Amino acid sequence: MDIEIEHLVKDFGRVRALDDVSLHIERGMFGLLGPNGAGKTTLMRIITTLLPLTSGQVKVGGKDVMRDPGFVRRHLGYIPQDFGFYRSLNAYELLDYIGTMKGLSRAERQREISTLLEQVNLTKDAKRRVGGYSGGMKQRLGIAQALLGNPQLIVVDEPTAGLDPEERIRFRNLLTHLSGQRTVLLSTHIVADIEASCSAVAVLKQGRVIFSGTPDQLLRHAEGHVWQLEIEPREYETLESAYRIVSSRAVNGHMQVRVVARENPLKRGAPAPAGLEEGYIAAMSRAEEKEMRHA
Ligand SMILES: Nc1ncnc2c1ncn2[C@@H]1O[C@H](COP(=O)(O)OP(=O)(O)OP(=O)(O)O)[C@@H](O)[C@H]1O
Ligand SMILES: [Mg+2]
């Protein structure tokens, strides 16, 4: 189920949270990256019909989200950034409740809930109070509720915060698996999650799309701009004030640093292969340079 976003603007009073956003999102897994306050949650809330837009147009499966919100809601599963659960219910009761809200019949609920609990590996905890679940279990329950009614579009807002690495990978793999037949829109701060699972990615910055393409194309923003060098600890501040340091570690009293920069830092850097995170940083710096020129 495709999402077509054309010249979308969203204002909260004087704050322009989304500024002329146009994106085309197709089947598979689509990643949304961007710093805090970039507008990721706002965009997702508009797509999921929870928030009205100011101007522009958003269509899900060919239907306008403002004119036909019921259609979108019927085909949508949403895992919000802050997931408020009814802590005193158990997983089965909770899914049964949400399934009822989605308009599923009793027989459909019975069939779907046991399959979903199996799929997210919560069958044996289905009768436990949700309030006592770990972060990972809550996330998996979040997926299960989103999948009720077999939606063709799944929107997931920053799902991996607070998950341990193994849970994160499990969660990611589950989403990738689901995206085979559906559209999954995923927002995250973790570039590695995008690298591992998304076929397309967009970067938002202050409400604007500064990049949209494949992870490979994003990575290429940093090609030829990644340098590795060894510095003395006292040089760190000078380097940091002039360049974007992406990583540093102490080695035998020296420091080994990686830097994203157009020119060779301190003229001592060795060119290094770019990673997706560095592509992201390079795209952000490019956007900032552009803003400065226009300021
Ligand atoms: N209900 C609201 N009322 C007023 N301003 C809002 C509201 N929701 C969001 N904003 C503003 O809109 C901008 C975008 O916020 P949004 O939550 O969409 O960003 P985000 O990319 O999801 O950030 P994060 O990575 O921190 O989750 C911010 O400036 C935020 O303060
Ligand atoms: Mg957010």
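Since we're looking at a predicted model, the values are computed, not measured. This chain uses plain numbering: 1 for the first residue, then up along the sequence.
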Shortest non-hydrogen contact from [X] toward [Y]:
{"X": "K40", "Y": "L32", "answer": "CD-O, 3.9 Å"}
{"X": "V184", "Y": "L178", "answer": "CG2-C, 4.5 Å"}
{"X": "Y133", "Y": "A91", "answer": "OH-CB, 3.3 Å"}
{"X": "Y243", "Y": "A261", "answer": "CD2-CB, 3.4 Å"}

Salt bridge or not for [X] and [Y], using N-O below 4.0 Å?
{"X": "R170", "Y": "E167", "value": "yes"}
{"X": "R258", "Y": "E277", "value": "no"}
{"X": "E291", "Y": "R208", "value": "no"}

- To the nearest 0.5 angstrom, please state how far the CG atom of L153 sits from the OG1 atom of T183.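 Rounded to the nearest 0.5 Å, the CG-OG1 separation comes to 6.0 Å.
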
- Gap between atom OG1 of T238 and atom CD1 of I231 - 0.5 Å precision: 8.0 Å

- Message: Assess, by modelled atom type and distance only, whether the side chains of T54 and D11 contain a donor and an acceptor separated by less than 3.5 Å.
- Response: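 No, D11 and T54 have no side-chain donor paired with an acceptor closer than 3.5 Å.
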
- Does the side chain of S105 pick up a donor-acceptor pair with the side chain of E108 at under 3.5 Å?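 There is such a pair (donor and acceptor under 3.5 Å, judged by atom type) between the side chains of S105 and E108.
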
- Message: If you apply the rule salt bridge (charged side-chain N to carboxylate O under 4.0 Å, His left out), what do you find for R268 with E235, and how did you get there?
- Response: CA-CA 13 Å; R268 309 208 301 263; E235 293 178 299; 3.1 Å; yes

Short side-chain to backbone donor-acceptor contact, [X] and [Y], under 3.5 Å:
{"X": "K59", "Y": "E6", "value": "no"}
{"X": "K102", "Y": "L148", "value": "yes"}
{"X": "R16", "Y": "G207", "value": "no"}
{"X": "Q57", "Y": "V65", "value": "no"}
{"X": "H221", "Y": "Q217", "value": "yes"}
{"X": "E278", "Y": "G275", "value": "yes"}
{"X": "D125", "Y": "R128", "value": "no"}
{"X": "R244", "Y": "V260", "value": "no"}
{"X": "E112", "Y": "R109", "value": "no"}
{"X": "E93", "Y": "N90", "value": "yes"}

- Query: When clusters are formed by joining ILVMFWY residues with side-chain heavy atoms under 4.5 Å apart, either directly or through shared neighbours, do L8 and M1 land in the same one?
  - Reply: yes

- Out of L276, I281, V201, which one pairs with V191 under the side-chain contact (heavy atoms from CB on, under 4.5 Å) rule?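 Going through L276, I281, V201 one by one, the side-chain contact (heavy atoms from CB on, under 4.5 Å) with V191 is satisfied by L276 alone.
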
